[in-house]
Amino acid sequence: MRTTHMFIPTLREDPGEAEVISHRLMLRSGMIRKVAAGIYSYLPLGLRVIRKVEQIIREEMNRIGAQEVLLPVLSPAELWQETERWDFYGKELIRCQDRHDRDFCLGPTHEEVVTDLFRREVRSYRQLPVTLYQIQTKFRDEIRPRFGLMRGREFIMKDAYSFDQNEGEAQKNYQAMYEAYHRIFTRTGLQFRAVEADTGLIGGTSSHEFMVLANTGEELIVFDPESSYAANVERAEVVPVERSQSITSPQPLKKVSTPQAKTVTEVCQLLNTTPDRLVKTLLYTTPDNSPIAVLIRGDHQANEIKIQRHLGIHDLTLADSECVRTLTNAPTGFAGPIGLHGLTILADHAVGTLSNFIVGANEADMHYINANAGRDFTIDVTGDFRQAQAGDSSPQSQAKLETARGIEVGHVFMLGTKYSEKMGATYLDSQGAEHNAVMGCYGIGVGRTVAAAIEQNHDDRGIMWPIPIAPFHVHLLPVTNSERVHEVTQALYAELQQANIEVLLDDREERAGVKFNDADLIGSPFQVVIGDKGLAQGTIDLKERIRGEKMPIAPSKLTAYVREKLARDVNWP
RNA sequence: CGGGGCGUAGCGCAGCCCGGUAGCGCGCCUGCUUUGGGAGCAGGAUGUCGGAGGUUCAAAUCCUCUCGCCCCGACCA
């Protein structure tokens with residue numbers, strides 16, 4: 001492809017709208033342009049990368065027997081009402097009406113549509129298993145779209161759905177999908193990790209997220225450096241520690257003045273102690289308006305997902321200051337369990353191991369010291385209600401957990417029969433008995449994968465594409481304007497293409513510096529500089545983008561050299 | 001939805017506090033010179049100052065409303 005024939009509007013300066021590196025580089029290299037918040041056009045260069053990722057996904061989906069379909073973007077409200085997600089999905093589901101005022105939505109995911117397809121067409125166990133997938137644009141009206149393709153409102157996603165006769169078969173399918181995901185992300189050249197994930201409200205038995213490791217990731221994961229254990233902090237179970245410190249015998253409860261000290265840090269400073277000697281009391285309101293209190297050690301973070309799961313609800317909000325005042329007769333920052341009545345008190349395991357700790361006194365500017373559970377107040381339920389953090393014990397070895405940031409690029413779910421039950425997706429077994437199909441669903445964010453690849457592969461000059469997803473393999477840069485350079489360039493261009501190598505030829509009348517800078521920005525793995533200086537020695541210069549330095553090579557050897565290099569990284573040809 | 005910020009030429013920004021001529025850099029067009037890491041000189045084009053209302057002799061600038069965008073938080077099958 002010739003640059004003069006390809007629409008690659010590169011930007012010399014950083015666009016003001018972009019904060020994270022992948023977003024900036026995608027805009028600057030002319031891969032994407034914004035149309036509205038969280039909505040982007042893919043320009044030729046960006047689309048080429050998207051297509052490469054899609055192709056890898058296709059190959060691996062097909063390899064495990066999944067079949068490609070294309071489901072509609074627009075789907076009727078009735079399907080969503082059947083599963084109650086029409087109401088449940090909330091504002092994230094973008095809705096519209098047709099000319100007859102019938103309700104529709106733009107699909108944020110396709111369980112309903114695909115389950116409907118299944119129940120209409122599949123009758124017998126003989127037709128199972130079946131796994132369908134599509135690569136298609138989804139729409140979710142995110143509260144806050146950000147980071148370019150990382151969290152858009154409209155985005156390209158591969159979603160797959162499996163239907164099996166029973167749990168065991170479904171589990172096999174899940175495993176096959178899990179392995180396919182490993183191959184996909186390995187092939188895209190990314191450093192990633194599969195982690196145990198929360199199954200969320202979708203329920204089900206198993207769920208793993210595929211995280212590309214990057215400091216800019218939105219997700220926090222914990223992992224065990226000595227075993228294979230890794231999990232999203234939302235999900236990671238915290239192993240209760242035995243009461244290790246010598247148990248200090250209970251001291252008399254004492255109320256102390258802590259003026260203005262509302263936060264854990266402030267209280268600690270004032271009382272000259274450390275956060276692990278303090279217990280914070282978090283007040284929440286639930287959907288049925290019954291408040292609850294959750295006790296968490298001062299240096300720990302509450303995990304609302306775990307609390308919700310325990311309570312069997314899906315909506316938990318931290319009580320507002322008015323509500324706190326009603327419950328505790330004190331302003332926020334001084335809530336405590338002592339004398340708190342009429343609501344359930346949950347406590348994290350870690351709280352149970354403490355004695356003589358500090359709590360709020362339910363009175364402005366006052367705290368208690370030497371509080372002890374059982375003597376001073378009653379805990380209704382003890383459980384795992386906090387977020388895992390670095391230094392916690394691994395559930396699988398003696399090691400301490402470490403944390404890392406990740407970008408969620410893929411998610412696999414065992415759905416069970418949640419959707420098949422609600423929508424009546426059944427089949428008849430060999431005995432003629434009717435059963436609900438057991439389902440799994442599996443997503444990959446295509447655009448997000450591209451963004452993650454850039455987060456992981458760039459320097460201060462631009463992108464450094466992994467070979468399998470690079471928009472072009474070789475970027476030809478004729479850098480002086482002689483007849484000789486022109487001839488060699490044309491010959492190489494033809495020869496490389498002949499060898500099935502994807503070449504971008506910068507045939508613009510630009511100065512060398514401009515071409516070099518654009519080439520580094522666009523990030524093709526190989527840059528080839530053709531100039532009179534080199535040709536005088538009978539050579540051209542080859543620069544591998546990830547290495548950086550140029551090395552002279554005879555023009556006649558270029559194609560073979562590049563082919564050999566590519567062969568190491570890609571299934572080639 | 002809460003908090004913060006920004007909308008001025010294609011892009012990046014200044015000007016706004018303190019009302020009076022719309023500016024800078026990059027890009028773009030023409031010509032000459034240059035030509036291996038974002039060239040130099042000369043000439044040139046480009047703006048409903050996000051939109052609507054108001055105050056004023058006069059509004060990019062002050063006031064009110066509104067739309068869009070960015071950042072932090074809450075949210076995220």
Side-chain angles (χ1 to χ4, degrees), chain A residues 9-20 23-24 27-28 30 33-39 80 83-85 88-93 107-112 138-148 150-153 155 157 159 161 197-204 207 209 218-219 232 234 304-305 308 314-318 320-321 408 411-413 415 418-419 439-443 445 448 461-462 477-482 485 506 508-521 527-537 539-541 543 548-550 552:
Chain A
T10 57
L11 298 175
R12 189 175 284 223
E13 290 169 81
D14 273 333
E17 71 188 53
E19 200 71 11
V20 299
H23 188 194
R24 275 211 305 262
L27 287 167
R28 281 194 59 200
R33 282 295 183 265
K34 186 176 69 181
V35 177
I39 300 178
W80 294 79
T83 58
E84 291 161 60
R85 283 165 108 192
F88 187 72
Y89 224 106
K91 288 193 173 171
E92 208 175 308
L93 186 66
T109 173
H110 282 76
E111 283 82 6
E112 281 78 0
K138 299 274 192 275
F139 199 100
R140 292 179 196 174
D141 202 356
E142 291 276 349
I143 294 171
R144 183 149 91 86
R146 59 185 132 180
F147 306 150
M150 206 88 98
R151 182 172 289 275
R153 290 195 290 175
F155 56 98
M157 181 172 170
D159 48 325
Y161 306 89
D198 184 57
T199 47
L201 305 163
I202 200 163
S207 174
E209 288 167 339
E218 292 187 271
E219 306 290 335
N232 195 313
E234 291 176 353
E304 292 174 13
I305 291 173
Q308 287 175 11
H314 58 259
D315 192 17
L316 195 64
T317 11
L318 213 47
D320 56 30
S321 51
E408 182 192 347
H411 203 158
V412 292
F413 268 109
L415 283 178
K418 174 169 174 174
Y419 291 89
M439 294 175 59
C441 75
Y442 318 89
R448 193 181 272 189
R461 308 193 58 84
L477 305 164
V479 94
T480 50
N481 207 1
S482 68
V485 166
D506 193 343
R508 296 175 302 172
E509 290 185 26
E510 285 288 357
R511 328 192 92 232
V514 174
K515 293 189 179 184
F516 291 146
N517 280 301
D518 272 354
D520 286 344
L521 181 61
Q527 292 173 19
V528 177
V529 183
I530 306 127
D532 285 313
K533 207 157 63 178
L535 288 183
Q537 314 296 318
T539 62
I540 53 180
D541 286 329
K543 171 172 139 178
E549 76 275 9
K550 290 170 185 163

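Side-chain atoms are counted along with the backbone in the values below, which use heavy atoms only and exclude waters and symmetry mates. In the text below, chain A, chain B and the rest are named by the order of the sequence lines, each starting its count at 1.
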Select base, sugar-phosphate, or nothing to describe what K138(A) touches, counting heavy atoms under 4.0 Å on all strands.
nothing
Map Q527(A) and P15(A) onto RNA chain B by nearest heavy atom, then report which one ends up closer to the 5' terminus.
P15(A)
Sole candidate of R153(A), R151(A), K91(A) that passes side-chain hydrogen bond (donor to acceptor under 3.5 Å, both in side chains) when paired with E142(A):
R151(A)
Non-hydrogen side-chain atoms of V485(A) and V479(A) separated by less than 4.5 Å
no
Of the candidate nucleotides C26(B), A77(B), A39(B), which contains the atom at the shortest distance from the side chain of R140(A)?
A77(B)
What protein N or O atoms touch nucleotides 69-73 of chain B N or O atoms at under 3.5 angstrom, if any, and at what distances?
| residue | atom | partner | partner atom | Å |
| --- | --- | --- | --- | --- |
| C69(B) | OP1 | A37(A) | N | 2.9 |
| C69(B) | O3' | K34(A) | NZ | 3.0 |
| C72(B) | OP2 | R144(A) | NH1 | 3.0 |
| C72(B) | OP2 | R144(A) | NH2 | 2.6 |

Y89(A) OH to C76(B) C1', in whole Å, measures 8 Å
Rounded to whole angstroms, how far apart are CD on E509(A) and C1' on A39(B)?
15 Å
Write down the distance separating the C1' atoms in U8(B) and G51(B), rounded off to the nearest Å.
14 Å
D520(A)-Q527(A) side chain donor-acceptor pair, cut-off 3.5 Å
yes
Separation of R151(A) atom CZ from A74(B) atom P, in whole Å?
12 Å
Distance-only, no hydrogens or angles: does the R140(A) side chain make a donor-acceptor pair with backbone N or O of L93(A) under 3.5 Å?
no
Base-pairing mate for C6(B) - Watson-Crick or G-U, with both contacts under 3.5 Å:
G68(B)
If the P atom of G20(B) is compared with that of C63(B), how far apart are they to the nearest Å?
15 Å
Length of the line joining F139(A):CZ and C76(B):P, which is rounded to integer Å
18 Å
E304(A) vs D14(A), nearer the 5' end of RNA chain B by closest nucleotide
D14(A)
Identify which nucleotide among C76(B), G36(B), G38(B) has an atom closest to any side-chain atom of V529(A), counting heavy atoms from C-beta outward.
G36(B)
At less than 3.5 Å, do the side-chain atoms of E13(A) and the base atoms of G25(B) form a donor-acceptor pair?
yes
My understanding is that a pair needs two contacts under 3.5 Å, Watson-Crick or G-U wobble. By that rule, which nucleotide pairs with C24(B)?
G12(B)
Whole-Å gap separating P (C75(B)) and CD (E219(A))
13 Å
Apply side chain to side chain contact (heavy atoms under 4.5 Å, CB included) to the pair E234(A) and E304(A), showing each step before the final yes or no.
CA-CA 8 Å; E234(A) 291 176 353; E304(A) 292 174 13; over 6 Å; no
Inter-nucleotide C1' distance (C6(B), A45(B)), Å rounded:
28 Å
Tell me which one of V528(A), L477(A), V529(A) satisfies side-chain contact (heavy atoms from CB on, under 4.5 Å) with D541(A).
V529(A)
Would you measure the distance from the C1' atom in U48(B) across to the matching atom in U33(B) and give it in whole Å?
41 Å
Give the rounded distance in Å between these two atoms: CG of N517(A) and P of G36(B).
14 Å
Does D532(A) make a side-chain donor-acceptor contact with the base of G36(B), cut-off 3.5 Å?
no
More than 12 foreign heavy atoms under 6.0 Å from CG of D14(A): is that the case here?
yes
Check: protein-nucleotides 45-50 of chain B nitrogen or oxygen pairs below 3.5 Å:
none

Check whether any side-chain heavy atom of E17(A) lies under 4.5 Å from a side-chain heavy atom of H23(A), and answer yes or no.
yes
Distance between the P atoms of G19(B) and C62(B), in whole angstroms?
9 Å
Looking at G38(B), I'd like to know if its phosphate oxygens (OP1 or OP2) sit under 4.0 Å from a side-chain N or O belonging to R511(A).
no
Rounded off to whole Å, could you give me the CZ-to-C1' distance for the R28(A) and G12(B) pair?
12 Å
Presence of salt bridge, E111(A) and K418(A), under 4.0 angstrom:
no
Atom-to-atom span, NZ of K91(A) to P of C75(B) - whole angstrom
15 Å
Separation of the C1' atoms in A59(B) and C49(B), to the nearest angstrom
11 Å
Among G36(B), A39(B), G27(B), find the nucleotide with the atom closest to the side chain of R12(A).
G27(B)
For G443(A), report the nucleic acid contact type (base, sugar-phosphate, nothing); a contact means any heavy atom under 4.0 Å.
nothing
Please report the distance separating the C1' of C16(B) from the corresponding atom of U35(B), rounded so that it comes out in whole Å.
44 Å
Any Y419(A) side-chain heavy atom under 4.5 Å of R85(A) side chain
yes
Roughly how many Å apart are G7(B) and G50(B), using the P atom of each and rounding to a whole number?
8 Å
